[in-house]
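Have a look at the structure below before the remarks.
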Amino acid sequence: MDISIIGSGYVGLCTAVGFASLGHKVICVDVEKEKVDKINHGVPTIYEDGLEARLKAAVEAKQITATTDTDYAVKNSEISFIAVGTPSKDDGSIDLTYVKKVSRELGKALRNKDGYHVIAVKSTVVPGTTDDIVIPELERHSGKKAGEFGVCMVPEFLREGKALHDFLNPDRIVIGELDKKSGDIAEKIHEKLKTPILRKNIKTAEMIKYASNTFLAAKISLINEIGNICKKLGIDVYDVAEAVGYDRRIGKLFLEAGIGFGGSCFRKDISALLKKADQLGCEPKLIKAMLDTNKGQPLKIIELLEKKTNVKGKKIAVLGLSFKAGTDDVRDSPAAVIIKELTDKGAFISAYDPNAVENMRKRFPGITYADIGECLDNADACLILTDWDEFRQLEDRDFDKMRNRIILEGRRVLGRNKVRGFEGVAW
Ligand code: NAD
């Protein structure tokens with residue numbers, strides 16, 4: 001089928017490459033001309049494992065093209081996905097500026113198109129958004145009634161760092177549909193994926209995404225709190241998590257204690273859900289507490305560090321900047337919180353990341369970026385903040401050139417039998 005995707009960021013681009021892998025033709029749309037040009041040259045605008053080779057092949061096979069022209073994209077496809085950002089406003093509520101703008105543009109494009117076309121919302125939006133904002137905008141600007149064009153809400157569950165794997169091996173596909181005709185088309189484009197397809201109404205699909213993210217963030221928050229208690233008791237929380245994870249009601253994944261969750265989704269989505277709940281007169285205390293817990297978690301590593309040394313004027317090596325391994329995304333990265341706090345306290349940061357340096361440099365242009373050896377050379381302490389495989393290879397002698405051998409992990413990466421004397425933030 002011919003598909004267009006409006007918004008070529010992390011989700012839009014990975015989804016485009018995923019659909020191309022299933023044999024579809026995809027038109028990527030973005031407002032940023034530079035991103036469009038890169039995609040047309042087969043160059044990804046983000047780092048994601050395996051993306052470059054697949055994008056290049058898809059562009060060469062003319063399965064993926066990119067444009068800034070939404071009208072053209074709608075004319076030349078049967079279904080358009082909205083995959084633009086839905087950031088937080090200052091009060092935590094969802095900012096729907098981009099979604100509204102794209103809905104308007106898609107509405108205008110629908111006006112100029114004769115055949116049936118489906119609009120599918122993939123951006124994470126609070127329940128009610130598609131019905132109350134997207135559809136009215138589409139109707140107003142197209143001069144058509146929903147039903148004359150199709151509408152779906154198809155939430156995205158991919159994990160950055162494993163986005164392509166997750167696209168091709170999803171646990172399930174959720175389709176919230178306006179009517180059967182829209183849902184059938186959304187189902188058809190996913191039919192090669194051997195996975196359960198759950199068809200719901202639109203509002204339910206929107207809520208499923210928030211519920212999933214809330215459960216995942218809760219699991220991380222819980223193991224972090226258990227880890228904080230374990231730390232005081234001298235217990236290794238990873239030994240605890242291993243045994244707890246055997247319980248199938250709990251499961252093994254997402255039980256990695258550390259410096260807290262980051263990334264573009266969990267905090268913003270939970271904040272948006274809390275705001276929505278507030279408007280509805282609900283008070284989800286547990287969900288609110290998760291954000292508080294997570295906010296304090298990155299600072300635990302600084303507390304630990306300050307027990308060992310005064311940080312003012314010291315050189316601190318920071319290894320790992322992205323919010324998790326496998327991505328260059330530094331949005332809401334715990335490393336940013338830690339770097340800010342340490343520089344405020346007068347420390348000098350020397351930082352390394354295999355893929356996220358350029359993104360972090362935009363945020364912290366004044367710190368030093370170097371390779372691992374230079375970062376560790378004469379450092380007064382080393383903080384490991386992302387679980388990149390590269391850090392798992394570090395050996396004892398790699399830390400020999402440090403002035404002070406203080407090695408703290410915010411993510412569990414170092415091997416006890418390889419490196420002496422390191423300590424974890426919650427183990
Ligand atoms: P992003 O910021 O990386 O990408 C958004 C893209 O949309 C940008 O390239 C931007 O230039 C483009 N854009 C903005 N306005 C546009 C317009 N009018 N026309 C065309 N393009 C426009 O965002 P993202 O991380 O890909 O997230 C997109 C949505 O998917 C969000 O709602 C997010 O919550 C959700 N989501 C993200 C993830 C994730 O892991 N990043 C996972 C699941 C769901």
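Computed over heavy atoms, backbone and side chain alike; hydrogens, waters and symmetry mates excluded. Keep in mind it's a predicted model, so treat the numbers as computed, not measured. In listed order, ligands and their atoms are each counted from 1.
- Proximity to K209 (heavy-atom distance under 4.0 Å) selects the following atoms of ligand 1: 43 (C).
- Protein heavy atom at the shortest distance from atom 43 (C) of ligand 1 is E156 O, 3.3 Å.
- When each atom of ligand 1 is checked for a heavy atom of S264 under 4.0 Å away, the hits are 41 (N).
- Under a cut-off of 6.0 angstrom, the local environment of NZ in K162 is sparse, with at most 12 non-hydrogen atoms contributed by other residues, nucleotides or ligands.
- On a distance-only criterion, Y10 and ligand 1 share at least one N/O pair closer than 3.5 Å.
- No side-chain donor from either of D398 and Q393 sits under 3.5 Å from a side-chain acceptor of the other.
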**Prompt:** After noting the C-alpha distance and the side-chain angles of L106 and V74, does the key distance pass the side-chain contact (heavy atoms from CB on, under 4.5 Å) rule?
**Reply:** CA-CA 8 Å; L106 285 169; V74 169; 3.6 Å; yes

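- Relative to atom 8 (C) of ligand 1, the option among K35, K268, E32 with the closest non-hydrogen atom is K35.
- Residue contact check for ligand 1: R159 places no non-hydrogen atom closer than 4.0 Å to it.
- In this structure, R140 pairs ionically with E137, as a charged nitrogen and a carboxylate oxygen lie closer than 4.0 Å.
- Every N/O-N/O distance between D269 and ligand 1 stays at or above 3.5 Å.
- In terms of N/O distances under 3.5 Å, ligand 1 is approached by T124.
- For atom 36 (N) of ligand 1, the closest non-hydrogen atom on the protein side is V11 CG2, 3.5 Å.
- Using a 4.0 Å cut-off between heavy atoms, R331 contacts ligand 1 through its side chain alone, with no backbone atom that close.
- Under the 30°/60° scheme for interplanar angles, the aromatic rings of Y238 and W427 are found to stand perpendicular.
- Side chains of R199 and T204: a donor-acceptor N/O pair is absent below 3.5 angstrom, by distance only.
- Considering backbone and side-chain atoms alike, T86 places an N or O below 3.5 Å from some N or O of ligand 1.
- Looking only at atom types and distance, the side chain of D71 has a donor-acceptor partner in the side chain of N112 under 3.5 Å away.
- Against a heavy-atom cut-off of under 4.0 Å, E160 is close to the following atoms of ligand 1: 39 (C), 40 (O), 41 (N).
- Between the side chains of T67 and D69, not a single donor N or O lies within less than 3.5 Å of an accepting N or O.
- Within ligand 1, counting atoms from 1 as listed, the ones closer than 4.0 Å to a heavy atom of V102 are 17 (C), 18 (N), 19 (N).
- Ring orientation note: the planes of W388 and Y47 are tilted relative to one another, at an angle of 30° to 60°.
- Under a 4.0 Å criterion applied to the non-hydrogen atoms of G85, ligand 1 contributes the atoms 5 (C).
- Listed by atom number, the atoms of ligand 1 under 4.0 Å from I6 heavy atoms are 19 (N), 20 (C).
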